[in-house]
Protein chains: 2
Amino acid sequence: MLLTDRQELILQVIVDDFIRSAQPIGSRSLSKKEEIKFSSATIRNEMADLEDMGFIEKTHSSSGRIPSEKGYRFYVDNLLLPQKVNRADLVTIKSIFAERIYELEKIVQKSAKILSEMTNYTSIVLGPAVKDNRLKKLQIVPLNKDTAIAIIVTDTGYVENRMFHFPTSIDPSDVEKMVNILNERLAGVPLTNLNSKIYKEIAMLLRQHISSYDTLLNTIMETLNMPAHEKVFFGGKTNILSQPEFNDVEKIRNLMNMIEQEDGLYNLIRKNPAGINVRIGTENDNSAMENCSLITATYSIGEEKLGSIAVLGPTRMEYSRVIGLLQLISTDLSKVLTLLYQNK
Amino acid sequence: MLLTDRQELILQVIVDDFIRSAQPIGSRSLSKKEEIKFSSATIRNEMADLEDMGFIEKTHSSSGRIPSEKGYRFYVDNLLLPQKVNRADLVTIKSIFAERIYELEKIVQKSAKILSEMTNYTSIVLGPAVKDNRLKKLQIVPLNKDTAIAIIVTDTGYVENRMFHFPTSIDPSDVEKMVNILNERLAGVPLTNLNSKIYKEIAMLLRQHISSYDTLLNTIMETLNMPAHEKVFFGGKTNILSQPEFNDVEKIRNLMNMIEQEDGLYNLIRKNPAGINVRIGTENDNSAMENCSLITATYSIGEEKLGSIAVLGPTRMEYSRVIGLLQLISTDLSKVLTLLYQNK
DNA sequence: GTTAGCACTCTATAATAACGAGTGCTAATT
DNA sequence: AATTAGCACTCGTTATTATAGAGTGCTAAC
């Protein structure tokens with residue numbers, strides 16, 4: 001055993017207390033807790049050992065202790081009893097799905113909003129990975145002589161569009177023919193495979209039927225080749241600013257910048273595997289996240305992983321509660337989405 | 001004349017200097033300026049008068065002076081020589097339009113981004129007011145038995161979509177018929193007028209042709225009835241945080257909150273008339289904007305006002321430069337957009 | 001092994017002093 | 001009559017010192 005029961009108890013109480021108070025915890029205040037039956041001197045000895053092992057730290061030589069990252073890690077891995085979501089929170093979460101919303105994006109967005117309101121932290125949701133969606137329909141809407149819009153609809157109801165210019169001298173009927181052929185052949189194909197499928201199987205076919213096939217196809221291909229980045233939704237972007245650890249303008253600037261960049265957070269969240277993941281402080285490999293923890297969960301339709309939902313808070317965040325909430329929301333989300341989009 | 005030439009000169013130098021240094025200006029440092037030929041004592045007398053009139057203020061009883069809101073207002077209205085945009089800035093702005101981008105939204109977005117980078121303030125763009133767009137095409141794409149997506153394309157290439165559920169027992173051919181009729185009759189109609197036009201002119205027609213017309217029409221109407229709020233784009237949301245006046249965590253929180261809300265800013269910008277407008281500090285009627293100024297400009301296609309582009313900075317912002325930039329960008333934007341979308 | 005006792009450390013807070021930038025006023029100068 | 005030099009005064013800033021209090025580590029007693 002790495003730690004004695006008593007050391008675990010003390011560590012647990014320190015972390016719990018610090019999460020609540022944001023103040024260093026001294027031996028005397030610990031000794032007054034009900035669950036702690038030994039004297040402050042004993043606690044001081046144990047704390048000295050815990051500090052030697054790197055689980056807690058002092059802010060200065062005669063201060064009380066605060067959890068170190070290692071301490072939080074141990075707490076999350078070993079001491080955390082996955083807290084049951086309380087009734088009020090349960091009701092709030094169920095309300096996300098009470099309204100009849102059909103758009104996947106909207107549901108996901110609402111989840112982010114409510115999650116941030118419940119926790120008072122910042123929530124981030126990676127919207128469905130569009131690239132795994134399957135093509136439902138491709139349409140071309142001409143705007144004027146040389147401009148048109150290509151619209152893609154996927155099976156989950158995601159709509160993407162892009163404007164493009166026709167090459168000069170294109171026969172409108174050719175466009176129509178082409179769109180028809182593409183729709184016939186490409187319905188149900190995942191967006192990622194569109195490109196190769198077109199070149200392997202359909203280019204030939206098109207060449208037979210359509211005169212100015214080359215330029216037209218290239219134009220459309222370019223249009224289809226959309227970034228297909230998962231969209232990032234936020235809830236309560238500024239919530240985290242009300243945490244006492246962010247009373248420093250420089251820290252705020254760094255954090256806000258990172259949140260605005262989106263790319264950084266996007267990558268931090270995306271690389272996590274399925275299920276609940278906790279990344280504490282520097283585990284995130286990002287200087288702006290030094291004082292932050294990120295808890296991620298994934299949601300899916302059926303077996304297919306769809307996206308992630310995450311909470312960004314201070315390292316001193318309420319791990320237990322947030323993990324409970326995320327677990328609930330992500331499974332509920334998966335259930336609802338599976339119900340809505342599985343049978344298609 | 002409200003102010004003597006000398007007073008105007010002093011006010012101007014104070015404002016210019018304060019915009020640069022963010023430090024209160026004393027009589028001695030003023031007297032050392034080349035353009036100022038009189039002694040510090042004279043300046044002190046003049047400054048006392050300017051203060052009595054409310055154009056400048058002290059931060060404490062023996063401090064130098066800083067411009068008051070009234071001072072900034074006078075400066076903007078009377079002392080500002082609309083600065084010519086310098087060559088480097090000119091080149092940068094032209095680069096916005098160098099690439100061939102066709103989507104109105106993208107152009108507008110890029111303008112915001114570049115404007116914020118040039119000024120190091122926050123830029124906000126109200127995207128084209130979609131409600132004034134005209135309908136190009138309405139399409140319904142069925143996803144499965146009871147779900148479909150309604151897609152609207154407008155003449156400027158804006159695409160909006162909404163998912164909805166069919167009422168039970170709808171004949172698919174009826175849907176198609178209805179869409180055809182709607183497209184025939186509604187092409188070119190501004191989105192705002194869709195509702196009334198449908199009820200006044202088309203409801204009759206539909207009733208004749210389509211059996212379950214009522215439920216279907218209602219569903220589609222609901223779908224068409226989209227918020228049609230102008231979209232708000234931002235550039236450099238956190239830029240303004242690097243200004244020295246925002247060294248206070250509370251101020252940052254308020255400001256960031258307001259920016260995140262979007263609604264507040266949206267209304268602040270939207271109510272401004274065509275052309276360049278400067279709103280200084282409390283003129284914005286928003287407590288979070290107490291230390292901020294907002295400069296807005298409008299852009300248009302042909303004669304039709306389309307949207308606004310704005311810069312949010314501290315009251316101590318570089319009015320002259322920003323006004324010059326906004327003037328240039330907004331007219332360029334109007335030109336390009338007119339060229340792209342006027343002839344349709 | 002546990003605890004009481006105590007000297008020591010460090011932060012936070014307040015009080016005090018010295019400095020200097022800047023003002024307002026008065027009297028001298030132009 | 002307008003301008004300027006001179007000077008006392010104000011107030012923010014910075015540095016210094018003192019004090020209180022929370023908490024520790026160590027030693028010796030239980």
Side-chain angles (χ1 to χ4, degrees), chain A residues 1 3-11 13-15 17-18 20-68 71 244-245 247-248, chain B residues 1 3-11 13-18 20-68 71 244-245 247-249:
Chain A
M1 175 82 92
L3 294 183
T4 65
D5 284 356
R6 193 165 70 186
Q7 284 171 333
E8 286 197 357
L9 174 62
I10 290 177
L11 178 56
V13 176
I14 289 177
V15 176
D17 223 54
F18 185 67
R20 209 159 15 78
S21 69
Q23 295 298 324
I25 321 294
S27 58
R28 204 177 118 75
S29 72
L30 272 190
S31 72
K32 282 198 234 152
K33 301 251 163 197
E34 260 191 19
E35 62 265 50
I36 289 185
K37 303 274 197 290
F38 21 91
S39 75
S40 63
T42 309
I43 296 172
R44 277 201 290 284
N45 291 331
E46 295 285 31
M47 291 209 295
D49 291 345
L50 282 171
E51 184 174 7
D52 286 344
M53 291 185 280
F55 291 104
I56 54 180
E57 301 170 339
K58 298 187 224 173
T59 59
H60 59 88
S61 77
S62 73
S63 79
R65 306 302 211 291
I66 63 173
S68 68
E245 27 270 279
N247 50 6
D248 172 10
Chain B
M1 176 82 93
L3 294 183
T4 65
D5 285 354
R6 194 164 69 185
Q7 284 171 331
E8 286 196 359
L9 174 62
I10 290 177
L11 179 55
V13 176
I14 289 177
V15 176
D16 281 336
D17 223 53
F18 186 67
R20 208 157 18 75
S21 69
Q23 297 297 325
I25 320 295
S27 58
R28 205 178 118 74
S29 71
L30 272 190
S31 72
K32 281 196 234 151
K33 301 249 163 200
E34 260 191 21
E35 63 264 51
I36 290 188
K37 302 274 197 291
F38 21 89
S39 75
S40 65
T42 310
I43 296 172
R44 278 200 288 285
N45 290 332
E46 294 286 29
M47 292 209 292
D49 290 346
L50 281 171
E51 186 175 5
D52 285 344
M53 289 184 280
F55 292 103
I56 55 181
E57 301 170 341
K58 295 189 223 172
T59 60
H60 59 86
S61 76
S62 72
S63 79
R65 305 306 211 288
I66 62 173
S68 66
E245 28 269 278
N247 51 5
D248 172 10
V249 179

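Just so it is clear, the values below take in all heavy atoms, side chains as well, and ignore hydrogens, waters and symmetry mates. The chains referred to below are lettered A, B, ... by the order of the sequence lines, with proteins before strands, and numbering in each begins at 1.
We find that CG of Asn45(B) is positioned 15 Å from P of dA27(C), with the value rounded to whole Å. To the nearest angstrom, C1' of dG22(C) lies 13 Å from CD1 of Ile43(B). Summarising the geometry, the separation between CD on Gln7(A) and P on dT2(C) is reported as 11 Å, rounded to the nearest angstrom. A straight line from CZ of Arg28(B) to P of dG20(C) spans 13 Å, rounded to a whole angstrom. Here the C1' atom of nucleotide dT9(C) and the CZ atom of Arg44(A) are 14 Å apart, to the nearest Å. When rounded to the nearest whole Å, the span between CD of Glu46(A) and C1' of dT2(C) equals 11 Å.
Of the side-chain N and O atoms in Ser39(A), none sit less than 4.0 angstrom from OP1 or OP2 of dT2(C).
Note that CG of Leu50(B) is 11.0 Å distant from CG of Asn45(B), once rounded to the nearest 0.5 Å.
With hydrogens and angles ignored, the 3.5 Å screen pairs no side-chain donor or acceptor of Thr42(A) with any backbone N or O of Phe38(A).
Taking the nucleotide of DNA chain C with the nearest heavy atom to each of Phe38(A) and Lys58(B), the more 5' of the two is matched to Phe38(A). With DNA chain D read from its 5' end, the first of the two nearest nucleotides for Ser61(B) and Ala41(B) is the one closest to Ala41(B).
Nucleic acid contact for Ser63(A): sugar-phosphate only, since backbone atoms but no base atoms lie under 4.0 Å from a heavy atom of the residue.
In summary, contact between chain B and DNA chain D, defined as any nucleotide atom under 4.0 Å from a heavy atom of the protein, begins and ends at dT3(D) to dG12(D) in the 5' to 3' direction.
Side-chain contact check for Leu3(B) versus Phe55(B): some heavy-atom pair is nearer than 4.5 Å. Side-chain atoms of Glu46(A) and Ile43(A), non-hydrogen and from C-beta on, never get closer than 4.5 Å to each other. Using a 4.5 Å heavy-atom cutoff, the side chains of Lys58(A) and Arg65(A) are in contact.
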What pairs of donor and acceptor atoms, side-chain ones from residues 25-32 of chain B against any protein atom, are under 3.5 angstrom apart with sequence neighbours left out?
unit_1   : atom_1 : unit_2   : atom_2 : d
Ser27(B) : OG     : Arg44(B) : NH1    : 3.1
Ser29(B) : OG     : Gly26(B) : O      : 3.1
Ser31(B) : OG     : Arg28(B) : O      : 2.7

